[in-house]
Protein chains: 2
Amino acid sequence: MPEVASDDAVFKALADRTRRSLLDRLFERDGASLGELEAELSMSRFGVMKHLRILEDANLVITRRSGRKKLHYLNPVPIRLIHDRWIDKYTERRVSMLVDLKTKLESRE
Amino acid sequence: MPEVASDDAVFKALADRTRRSLLDRLFERDGASLGELEAELSMSRFGVMKHLRILEDANLVITRRSGRKKLHYLNPVPIRLIHDRWIDKYTERRVSMLVDLKTKLESRE
DNA sequence: TTGACATGTGACCAAAAGGTCACCTATTGT
DNA sequence: ACAATAGGTGACCTTTTGGTCACATGTCAA
């Protein structure tokens, strides 16, 4: 059964720029190993490993072993839970429409 | 025109338990003054003030002055932007249905 | 089976964050 | 005017966090 990560672990995990960029990378393309991620980050392997560990503990990243490699996958569930904590169903419509409109306007510059 | 808070400010703001409980409080009931919020938090006024300042800088809380009181309101927009950063429109359906189902099941114990 | 590859752990240090306080400004009601 | 109320600032200390390294384990391929 899946471990339940505390709220705190999730928010702490998201508080660091490097960890957010790791999530961005996995959002774009899943299933990377530690080695691959390290190569893109100008930081020691140990630093990256520590960050991945924190993301995994927070359940934001799920891993699967394949031989001597450990593959990393983004898990969107904790992100959705953050959303639902402070945006109720009624507000969601208004806010998502507003944000989508703003994004569309800005993309046209 | 509204100030644009950096990503970093938003995530750093959310990283602290006290600040999240302030957002919870404002989510439930908007428009509280510093004094009201302090009374509910077993922390010095200075601590609470510092936290509110950080939330305000992150644009998670919007304020309005009324006489010598400063009223605080929750702003859901940055929360929605976090959501949209790592959950695309296709994934959103799957994840929100999954989370809603899980919530429903758990509420029945 | 042995050398190269991929990942893991604990100690350590510098930087950042959380909390409190002395002191200060602005607004109100009488 | 002035006492009481509401909020604001900078210095200070303690705790937490980010990053690196020496060292260690597990896996593969020849």
Side-chain angles (χ1 to χ4, degrees), chain A residues 3 5-26 29-74 78, chain B residues 3 5-26 29-74 78:
Chain A
E3 292 299 321
S6 71
D7 284 10
D8 203 52
V10 175
F11 289 104
K12 286 274 165 56
L14 291 174
D16 182 81
R17 209 184 279 276
T18 302
R19 289 195 288 271
R20 292 196 300 277
S21 77
L22 282 167
L23 293 182
D24 289 337
R25 165 65 172 77
L26 294 176
R29 196 155 33 94
D30 258 329
S33 69
L34 168 60
E36 294 179 69
L37 296 171
E38 175 205 349
E40 304 170 22
L41 274 194
S42 68
M43 180 185 294
S44 79
R45 178 172 63 85
F46 309 100
V48 179
M49 191 161 44
K50 229 176 188 179
H51 286 306
L52 287 172
R53 171 71 189 280
I54 290 170
L55 289 169
E56 197 179 345
D57 287 348
N59 206 28
L60 284 160
V61 161
I62 295 176
T63 60
R64 183 169 67 82
R65 301 212 65 115
S66 170
R68 53 188 160 182
K69 289 192 179 177
K70 187 176 181 182
L71 306 183
H72 298 78
Y73 300 86
L74 177 62
Chain B
E3 293 297 322
S6 71
D7 283 9
D8 204 55
V10 175
F11 289 104
K12 286 275 165 56
L14 292 174
D16 183 82
R17 211 183 277 275
T18 302
R19 287 194 291 269
R20 291 196 300 275
S21 77
L22 283 167
L23 293 182
D24 289 339
R25 166 61 171 81
L26 295 176
R29 197 157 30 96
D30 258 329
S33 68
L34 168 60
E36 293 179 68
L37 296 171
E38 176 205 348
E40 303 172 22
L41 274 194
S42 68
M43 179 184 297
S44 77
R45 178 171 62 86
F46 309 100
V48 179
M49 191 162 41
K50 231 177 186 179
H51 286 306
L52 287 172
R53 172 70 190 280
I54 289 170
L55 290 169
E56 196 179 347
D57 286 348
N59 206 29
L60 283 159
V61 162
I62 295 176
T63 60
R64 183 168 68 81
R65 300 213 64 115
S66 169
R68 54 188 161 181
K69 290 193 178 178
K70 187 176 180 182
L71 307 182
H72 299 77
Y73 300 87
L74 177 62

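None of these values were measured; they are calculated from a predicted model. Chain letters run A, B, ... following the sequence lines, proteins first and then strands; every chain starts at 1. Scope of the values below: all heavy atoms of this structure, side chains included, with no hydrogens, waters or symmetry mates.
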Check your understanding: Hey, does A:Gly47 reach any base, or is it just sugar-phosphate, or nothing, if we go heavy atoms under 4.0 Å?
Key -> base

Exercise for review: Looking at every strand, decide which applies to A:Met43 at a 4.0 Å heavy-atom threshold: base, sugar-phosphate, or nothing.
Suggested key: sugar-phosphate

Using whole Å, report how far [atom1] of [X] lies from [atom2] of [N].
X	N	atom1	atom2	result
A:Glu56	C:dT9	CD	P	10 Å
A:Asp8	C:dG18	CG	C1'	13 Å
B:Leu41	C:dT20	CG	P	11 Å
B:Ile54	C:dG18	CD1	C1'	8 Å
A:Glu36	C:dC5	CD	C1'	14 Å
A:Leu34	C:dC5	CG	P	15 Å
A:Arg64	C:dA6	CZ	P	17 Å
A:Leu52	C:dG8	CG	C1'	12 Å

Revision key, fill the gap. Of A:Asp57, A:Leu55, A:Leu60, the one forming a side-chain contact (heavy atoms from CB on, under 4.5 Å) with A:Val10 is A:Leu60

Review point. Does OP1 or OP2 of C:dG19 have a side-chain N or O of B:His51 closer than 4.0 Å?
Key: yes

[X] versus [Y], closest heavy-atom pair with distance:
X	Y	answer
B:Asp8	A:Ala15	OD1-O, 4.4 Å
B:Asp30	B:Tyr73	OD1-CA, 3.3 Å
B:Arg20	A:Asp7	NH2-C, 4.5 Å
A:Met43	A:Val48	SD-N, 3.8 Å

Look up atom [atom1] in [X] and atom [atom2] in [Y], then write down how far apart they are to the nearest 0.5 Å.
X	Y	atom1	atom2	answer
B:Glu56	B:Lys70	CD	NZ	4.0 Å
A:Ile54	A:Leu14	CD1	CG	11.5 Å
B:Asp24	B:Arg29	CG	CZ	13.0 Å

Exercise for review: Consider the side chain of B:Ser44, meaning its heavy atoms from C-beta on, and name the nucleotide among C:dT20, D:dG19, C:dG18 that approaches it most closely.
Suggested key: C:dT20

Revision key, fill the gap. DNA chain D nearest-nucleotide lookup for A:Phe46 and A:Arg65: closer to the 5′ end is A:Phe46

Review point. Do B:Arg45 and D:dG7 share a donor-acceptor pair, side chain to base, under 3.5 Å?
Key: yes

**Study point:** Polar side-chain contact B:Lys50-C:dG18 base: donor and acceptor under 3.5 Å
**Key:** no

Check your understanding: Among residues 66-74 of chain B, which residues get a heavy atom nearer than 4.0 Å to DNA chain C?
Key -> B:Gly67, B:Arg68

Review point. Is A:Ser66 reaching over with its side chain to a backbone N or O of A:Lys69, donor-acceptor style, under 3.5 angstrom?
Key: no

Point to revise | Backbone of B:Leu37 reached by a side-chain donor or acceptor of B:Glu40 within 3.5 Å | key: no

Review point. Contacts to DNA chain D from residues 10-25 of chain B, heavy-atom cutoff under 4.0 Å, which residues?
Key: none

